[in-house]
S.K.: 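Quick one: the structure is below, questions incoming.
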Amino acid sequence: MGKISLQVIGCGDAFASGGQLHTCFYLKIGEKGVLIDCGATTLHGLKRYGIDPEDIDLIVISHLHGDHYGGIPFLLMDAAVKDRKKKLRIVTPDTGEARIKALLQLLYPGSDKTEKLPLEFLEYQANVPLNLGVLRLEAFPVIHSEAALSHGLRIQVGELVLSYSGDTCWTDALISLSEGADLFICECNFYDTKTPSHMNYLELRSNLPRLSMKQILLTHLSGEMLDRLDAIDLPVAKEGMDIPLA
């Protein structure tokens, strides 16, 4: 299997607060490359950090908002121009394939450059484990946007578990999602502002004793959170950060 590591490509919110790129994490499992979310700025981020898009074998999407999957059309156009031959699997909630193809046509009307790419689209179902060879995936419904089919993701590679909340306010699903995880990447959009679709730091902090991961990493920070970093006592994602997992 080889070494396993996680690199933060983008950890910003939808509005690129603080100049941060949209959400994307690059999970390296031996020679295999996995993207966890693929926000609109992902291709830029990959090239900034010297990652060849050809090295990506699998893309897993937590939900269908542009700052989490809007980068896929640009990756596909890049792959088509470079005549990619290696298979690329894209794993999404229900309707993901149709939405990605529709988005591609909106961004590049009439383009047929991607039609010959070796793509495989897969859809996960909530609470049903999906074996993807290099990893095992389980998706947990969370509270963010019903229309975007929002899920948290639990990824298992051998004995290692990486959990990711996706975008969500507090929900008890996070207890199961984070259970025993080696690393739990958790969105924390606000410091104390309460909304029905995003986490705030004070609420997360009060619920922290209910979570049982080994490490936590906060992501998807708004300007409000960035302005209060001196009051945050949990680790915060930074672009380019490289985290060895095994």
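In this text the structure is predicted, and so the values were computed from the model without any measurement. Position 1 is the first residue of the sequence, and the numbers go up from there.
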S.K.: Would the distance check show the side chain of Asp37 and the main-chain N or O of Ser62 forming a donor-acceptor pair, the cut-off being under 3.5 Å?
M.R.: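 At least one qualifying donor-acceptor pair exists.
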S.K.: Over all heavy atoms of both residues, which pair between Pro73 and Leu104 is shortest? Give the atoms and the distance, please.
M.R.: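 Closest approach of Pro73 to Leu104, heavy atoms only: CB-CD1, 3.8 Å.
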S.K.: Hey, could you give me the CG/OG1 distance between Leu35 and Thr23, rounded to the nearest 0.5 Å?
M.R.: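 Between Leu35 CG and Thr23 OG1, I get 12.0 Å after rounding to 0.5 Å.
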S.K.: Listed by chain and number, what are the ring pair (Phe, Tyr, Trp, His ring centres under 6.0 Å) partners of Tyr164, not counting sequence neighbours?
M.R.: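 Tyr164: ring pair (Phe, Tyr, Trp, His ring centres under 6.0 Å) contacts with Phe25.
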S.K.: Side chains of Thr195 and Asn200, heavy atoms from C-beta outward: is any pair under 4.5 Å?
M.R.: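 Thr195 does not reach Asn200 side chain to side chain.
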S.K.: Go through Arg154 and Val161 one step at a time and tell me if the side-chain contact (heavy atoms from CB on, under 4.5 Å) criterion holds.
M.R.: CA-CA 7 Å; Arg154 185 175 171 92; Val161 175; 3.6 Å; yes
S.K.: CE of Met213 to CD1 of Ile185: how many Å apart, nearest 0.5 Å?
M.R.: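 Reported value, rounded in 0.5 Å steps: 12.5 Å.
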S.K.: Quick test of your reading: applying ring-ring contact (aromatic ring centres under 6.0 Å, His included), list the pairs with at least one residue in residues 98-138, sequence neighbours left out, ordered by first then second residue.
M.R.: Tyr124-His151
S.K.: Show the numbers, then the answer: is there a side-chain contact (heavy atoms from CB on, under 4.5 Å) between Leu183 and Ile216?
M.R.: CA-CA 6 Å; Leu183 177 64; Ile216 191 169; over 6 Å; no
S.K.: Would you say Leu137 and Tyr69 are hydrophobically clustered, going by side-chain heavy atoms of ILVMFWY under 4.5 Å?
M.R.: no
S.K.: Checking Asp78 now: which residues fulfil side-chain hydrogen bond (donor to acceptor under 3.5 Å, both in side chains) with it, not counting sequence neighbours?
M.R.: Lys47, Lys82
S.K.: Counting N and O atoms only, with roles assigned by atom type, does the side chain of Gln105 sit under 3.5 Å from a partner on the main chain of Ser111, one being a donor and the other an acceptor?
M.R.: yes
S.K.: Determine whether a donor-acceptor pair (N or O, by modelled atom type, separation under 3.5 Å) exists between the side chain of Gln156 and the backbone of Leu162.
M.R.: no
S.K.: With a 3.5 Å cut-off and no angle check, do the side chains of Thr168 and Glu187 form a donor-acceptor pair?
M.R.: no
S.K.: I'd like to check Val134 versus Val157 (side-chain heavy atoms, cut-off strictly below 4.5 Å). Are they in contact?
M.R.: no
S.K.: With a 4.5 Å limit on heavy-atom distance, are the side chains of Cys24 and Val8 in contact?
M.R.: no
S.K.: Tell me the closest heavy-atom pair linking Pro53 and Arg84, and the distance in Å.
M.R.: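 Looking at all heavy atoms of both residues, the closest pair is O-NH1, 3.2 Å.
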S.K.: Do Leu122 and Ile90 make a side-chain contact, defined as non-hydrogen atoms from C-beta onward lying under 4.5 Å apart?
M.R.: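 Not in contact.
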S.K.: Atom CG in Leu76, atom CG in Leu103: separation rounded to 0.5 Å?
M.R.: 10.0 Å
S.K.: Who pairs with Tyr26 by ring pair (Phe, Tyr, Trp, His ring centres under 6.0 Å), at least two apart in sequence or on another chain?
M.R.: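 None.
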S.K.: So which heavy atom on Glu224 is nearest to which on Tyr191, and how close?
M.R.: OE2-N, 2.7 Å
S.K.: Say you draw a straight line from CD1 of Ile51 to CG of Asp55; how long is it, rounded to the nearest 0.5 Å?
M.R.: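 CG of Asp55 is found 8.5 Å from CD1 of Ile51.
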S.K.: Can Lys87 and Asp57 be said to form a salt bridge (charged side-chain N to carboxylate O under 4.0 Å, His left out), step by step?
M.R.: CA-CA 7 Å; Lys87 183 177 180 179; Asp57 300 278; over 6 Å; no
S.K.: Determine whether a donor-acceptor pair (N or O, by modelled atom type, separation under 3.5 Å) exists between the side chain of Thr41 and the backbone of His44.
M.R.: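 A pair under 3.5 Å: no.
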S.K.: Could you pull out all residues at least two apart from Lys101 that satisfy side-chain hydrogen bond (donor to acceptor under 3.5 Å, both in side chains)?
M.R.: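 Lys101 satisfies side-chain hydrogen bond (donor to acceptor under 3.5 Å, both in side chains) with Glu97 only.
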S.K.: Quick one: which residue pairs count as a salt bridge (Lys or Arg N to Asp or Glu O under 4.0 Å) with a foot in residues 163-182, not counting sequence neighbours?
M.R.: Asp172-Arg210, Asp182-Lys214
S.K.: Please name the pair of heavy atoms, one in Ile143 and one in Pro196, separated by the smallest distance, quoted to 0.1 Å.
M.R.: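 In this case the closest contact between Ile143 and Pro196 is CG2-O, 3.7 Å.
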S.K.: Could you tell me the separation between the OG atom of Ser150 and the CZ atom of Phe140, rounded to the nearest 0.5 Å?
M.R.: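 Here the interatomic distance stands at 15.5 Å.
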S.K.: Applying side-chain contact (heavy atoms from CB on, under 4.5 Å), run through Asn189 and Met225 and close with a yes or a no.
M.R.: CA-CA 7 Å; Asn189 202 205; Met225 273 291 284; over 6 Å; no
S.K.: Side-chain polar contacts of residues 226-246 - donor-acceptor pairs under 3.5 angstrom, sequence neighbours left out - could you list them?
M.R.:
residue : atom : partner : partner atom : Å
Asp233  : OD1  : Tyr201  : OH           : 2.4
Asp233  : OD1  : Arg205  : NE           : 2.8
Asp233  : OD2  : Arg205  : NH2          : 3.0
Glu239  : OE1  : Arg48   : NH1          : 3.3
Glu239  : OE2  : Leu21   : N            : 2.4

S.K.: Under the 3.5 angstrom rule, does the side chain of Ser212 hit a backbone N or O of Gly180 as a donor-acceptor pair?
M.R.: yes
S.K.: Please name the pair of heavy atoms, one in Leu174 and one in Ser165, separated by the smallest distance, quoted to 0.1 Å.
M.R.: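 Looking at all heavy atoms of both residues, the shortest contact is CD2-CB, 3.9 Å.
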S.K.: State which residues pass ring pair (Phe, Tyr, Trp, His ring centres under 6.0 Å) with His22; sequence neighbours excluded, sorted by chain then number.
M.R.: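 Once residues adjacent in sequence are excluded, His22 has no partner under the ring pair (Phe, Tyr, Trp, His ring centres under 6.0 Å) criterion.
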S.K.: Can you sort out the partners of Ser197 under side-chain hydrogen bond (donor to acceptor under 3.5 Å, both in side chains), two or more places apart, ordered by chain and number?
M.R.: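 Not a single residue meets the side-chain hydrogen bond (donor to acceptor under 3.5 Å, both in side chains) criterion with Ser197.
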S.K.: Would a 4.5 Å heavy-atom cut-off, applied to side chains only, mark Leu58 and Leu135 as touching?
M.R.: yes
S.K.: Is it possible for you to say whether Ile100 and Leu149 belong to one hydrophobic cluster, with membership spreading through side-chain heavy-atom contacts below 4.5 Å?
M.R.: yes
S.K.: Can you list the residues that meet the ring pair (Phe, Tyr, Trp, His ring centres under 6.0 Å) rule with Phe74, with sequence neighbours excluded?
M.R.: none
S.K.: Are side-chain heavy atoms of Cys186 and Met199 found at a separation under 4.5 Å?
M.R.: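 Yes. Closest side-chain heavy atoms under 4.5 Å.
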S.K.: Would the number of heavy atoms belonging to other residues, nucleotides or ligands and lying under 6.0 Å from NZ of Lys86 be above 12?
M.R.: yes
S.K.: Please enumerate all residues that pass side-chain hydrogen bond (donor to acceptor under 3.5 Å, both in side chains) together with Ser17, with sequence neighbours excluded.
M.R.: Asp13
S.K.: Are Trp170 and Leu217 connected in a single hydrophobic cluster, I mean Ile/Leu/Val/Met/Phe/Trp/Tyr linked by side-chain heavy atoms less than 4.5 Å apart?
M.R.: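 Different clusters.
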S.K.: Would you say that Ile59 contacts Ile36 through its side chain, given a criterion of any heavy-atom pair below 4.5 Å between the two side chains?
M.R.: no
S.K.: More than 12 foreign heavy atoms under 6.0 Å from CZ of Phe15: is that the case here?
M.R.: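 No, because the 6.0 Å sphere around CZ of Phe15 holds 12 heavy atoms or fewer from other groups.
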S.K.: Mind checking whether Cys38 and Ile61 have side chains closer than 4.5 Å, heavy atoms only?
M.R.: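 Result yes, sub-4.5 Å side-chain heavy-atom pair found.
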S.K.: Can you list every pair that meets ring-ring contact (aromatic ring centres under 6.0 Å, His included) and has a residue in residues 206-246, with sequence neighbours left out?
M.R.: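 Sorted pair list: His68-His220, His198-His220.
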S.K.: Where do Leu132 and Arg89 land on the side-chain contact (heavy atoms from CB on, under 4.5 Å) test, with the steps shown first?
M.R.: CA-CA 9 Å; Leu132 296 168; Arg89 291 188 294 171; 4.1 Å; yes
S.K.: Looking at Ser163 and Leu177, would you say the former's side chain and the latter's main chain have a donor-acceptor pair under 3.5 Å?
M.R.: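 Confirmed, Ser163 side chain pairs with Leu177 backbone.
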S.K.: Mind checking the OG1-CD spacing from Thr95 to Glu123? Nearest 0.5 Å is all I need.
M.R.: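 Answer for the OG1-CD pair, Thr95 versus Glu123, is 6.5 Å.
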S.K.: List the atom of Gln20, the atom of Cys11, and the distance in Å for their closest heavy-atom pair.
M.R.: OE1-SG, 3.6 Å
S.K.: Is there a chain of hydrophobic side chains (I, L, V, M, F, W, Y, each step under 4.5 Å between heavy atoms) that links Ile155 to Ile29?
M.R.: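 Hydrophobic grouping puts Ile155 with Ile29.
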